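Each remark here refers to the structure printed beneath this line.
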2 protein chains.
Amino acid sequence: MLVVKSAAGKPVLPFVWSVDGEALEQTARELAKDITGHGIPWLAPGVAIASKKHPADAALSVPFVGVMSATMPTPGGSAWYPVDVLPALAPRQKAMAEGALETLRLHMDVAPVAFRLLPPVFTLSELQQAYELLLGRLLHKASFRRALQAAYLAEPTDEWRSEGRGRPAQLFKFSPRKRRGGHRSVRFDLIGH
Amino acid sequence: MLVVKSAAGKPVLPFVWSVDGEALEQTARELAKDITGHGIPWLAPGVAIASKKHPADAALSVPFVGVMSATMPTPGGSAWYPVDVLPALAPRQKAMAEGALETLRLHMDVAPVAFRLLPPVFTLSELQQAYELLLGRLLHKASFRRALQAAYLAEPTDEWRSEGRGRPAQLFKFSPRKRRGGHRSVRFDLIGH
DNA sequence: TCAATAGTGTCTGTTAGACATTATGGA
DNA sequence: TCCATAATGTCTAACAGACACTATTGA
């Protein structure tokens with residue numbers, strides 16, 4: 001998670017003051033670009049919260065969660081944190097950060113978010129690690145690869161990468177779903193007919 | 001979905017003007033209670049949208065989705081609509097209504113929302129209809145009941161109800177999950193370890 | 001009786017998770 | 001050669017969906 005330093009030297013989440021009636025998502029995209037210097041490939045709105053005693057008297061805060069490549073260079077005055085080890089944020093910011101993760105996980109089953117963390121070409125182990133990081137739990141290797149193949153989400157390239165010791169891993173690239181069969185889902189609330 | 005009539009006689013979603021910095025969810029609960037005369041058992045925040053040309057100059061609209069018993073009497077000056085047959089709303093309100101449904105469906109797998117539509121005691125057919133209404137698709141009867149039993153979400157009573165013709169149906173009541181085994185999930189993004 | 005709805009039992013194809021095995025590099 | 005990691009194959013238990021059947025009421 002990207003954290004910047006406030007004027008007082010305390011860690012705070014990046015933010016902008018509201019511009020009256022401006023499109024929120026557009027504003028969030030511009031903020032992300034201003035800070036990192038790059039566009040953000042995936043962004044989702046979070047849950048607005050009221051801010052009675054906000055320092056600048058803003059009535060509402062509207063958080064956004066974005067995901068961008070982990071290989072992105074860190075811009076000056078900011079730092080990336082693992083999502084499971086956040087620095088000491090103000091209570092409301094902490095709530096927003098946790099809510100952001102929640103929002104992200106709610107979206108993971110309908111949007112290939114994890115791919116956005118990776119460079120254009122990646123190994124399946126890296127992809128699995130990205131999923132595990134975002135979901136906050138370990139996955140089963142064989143099952144992960146089977147499901148991935150069934151979903152046609154990753155496309156193999158003919159390149160391989162040797163990562164120190166061990167057998168080299170084949171490189172894959174993201175293959176946006178072409179509606180080739182569609183989702184399967186077996187959750188209790190999603191039993192198909 | 002509950003729709004009220006505006007001063008001009010047009011259908012609009014129920015709303016309140018923001019009270020500066022007031023807790024949003026509390027405000028939404030009070031609105032629901034004011035209109036229906038009852039508390040609302042389940043409520044979730046939706047995605048805030050900017051309202052540049054809002055009639056009253058509000059900068060942001062924060063929608064909430066609630067679910068309450070379908071047996072609730074209709075308050076004066078308002079009307080319930082099936083979620084799949086909405087009246088002609090203003091574009092922004094229409095977007096919010098559709099977004100609300102989306103939010104609702106995203107929450108259905110983590111909260112037993114469908115139960116909130118039903119009276120304290122209900123038949124399994126009614127429960128399945130509630131799920132189908134909220135999910136927008138048909139479910140498989142046998143599978144639905146199997147999954148329901150596995151989840152320990154409904155508890156049978158010793159009462160039965162005869163609904164005109166056909167075999168009487170056993171009545172069930174909601175049985176808040178007691179962490180008895182926990183969720184199972186087989187979605188691609190949720191493969192367990 | 002028939003029609004209509006509730007509820008159950010059985011079968012089959014699919015698949016998650018476990019486990020083992022092979023493949024291929026570096027030390 | 002050993003070790004570490006990648007990738008694949010096989011097995012089993014579980015389960016979704018299909019289908020058919022029984023159960024129980026009113027007409």
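Every chain is numbered from 1, with letters handed out A, B, ... down the list of sequences. Please read all numbers here as calculations on a predicted model, not as lab measurements.
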* Asked: Side-chain N or O of B/Ser162 less than 4.0 angstrom from OP1 or OP2 on D/dT25?
  -> no

* How would you label the contact of B/Ser125 with the nucleic acid (heavy atoms, under 4.0 Å): base, sugar-phosphate, or nothing? -> sugar-phosphate

* Contact class for A/Glu163 vs. all strands (heavy atom < 4.0 Å): base, sugar-phosphate, or nothing? -> nothing

* Roughly how far, to the nearest 0.5 Å, is CE of B/Met68 from CH2 of B/Trp80? -> 5.5 Å

* Would you give the length of the straight line joining atom CZ of A/Arg161 to atom CD of A/Gln170, rounded to the nearest 0.5 angstrom? => 12.0 Å

What integer distance in Å separates [X]:[atom1] from [N]:[atom2]?
X	N	atom1	atom2	answer
B/Gln128	D/dA16	CD	C1'	14 Å
A/Glu126	D/dA6	CD	C1'	12 Å
B/Phe144	C/dT8	CZ	C1'	16 Å
B/Phe172	C/dA6	CZ	C1'	10 Å
B/Arg165	C/dA3	CZ	P	13 Å
B/Leu148	D/dA16	CG	P	12 Å
B/Leu138	D/dA18	CG	P	11 Å
B/Trp160	D/dA23	CH2	P	13 Å

Nearest of [options] to any side-chain atom of [X]?
X	options	result
A/Lys141	D/dT25, D/dT8, C/dA16	D/dT8
B/His140	C/dT24, D/dG17, C/dG7	D/dG17
B/Ala142	D/dT8, D/dC19, C/dA4	D/dC19
A/Pro168	D/dT25, C/dG25, C/dG7	C/dG25
B/Arg145	D/dA7, C/dG17, C/dG7	C/dG7

* To do: Verify side-chain contact (heavy atoms from CB on, under 4.5 Å) between A/Leu124 and A/Leu148, making sure each step is shown before the conclusion.
  => CA-CA 9 Å; A/Leu124 293 190; A/Leu148 189 66; 3.7 Å; yes

* To do: Decide yes or no, distance alone: a donor-acceptor N/O pair under 3.5 angstrom between the base of C/dG9 and the side-chain of B/Arg146.
  => no

* Pair of N/O donor and acceptor under 3.5 Å linking D/dA6 base with A/Arg167 side chain -> yes

* To do: Could you tell me whether B/Phe174 and B/Phe122 have their ring centroids closer than 6.0 angstrom?
  => no

* **B/Val67-B/Leu13 co-clustered via ILVMFWY side chain contacts under 4.5 Å** => yes

* Structure fact -> When B/Leu124 and A/Gly164 are each assigned the nearest nucleotide of DNA chain C, the 5'-most assignment goes to B/Leu124

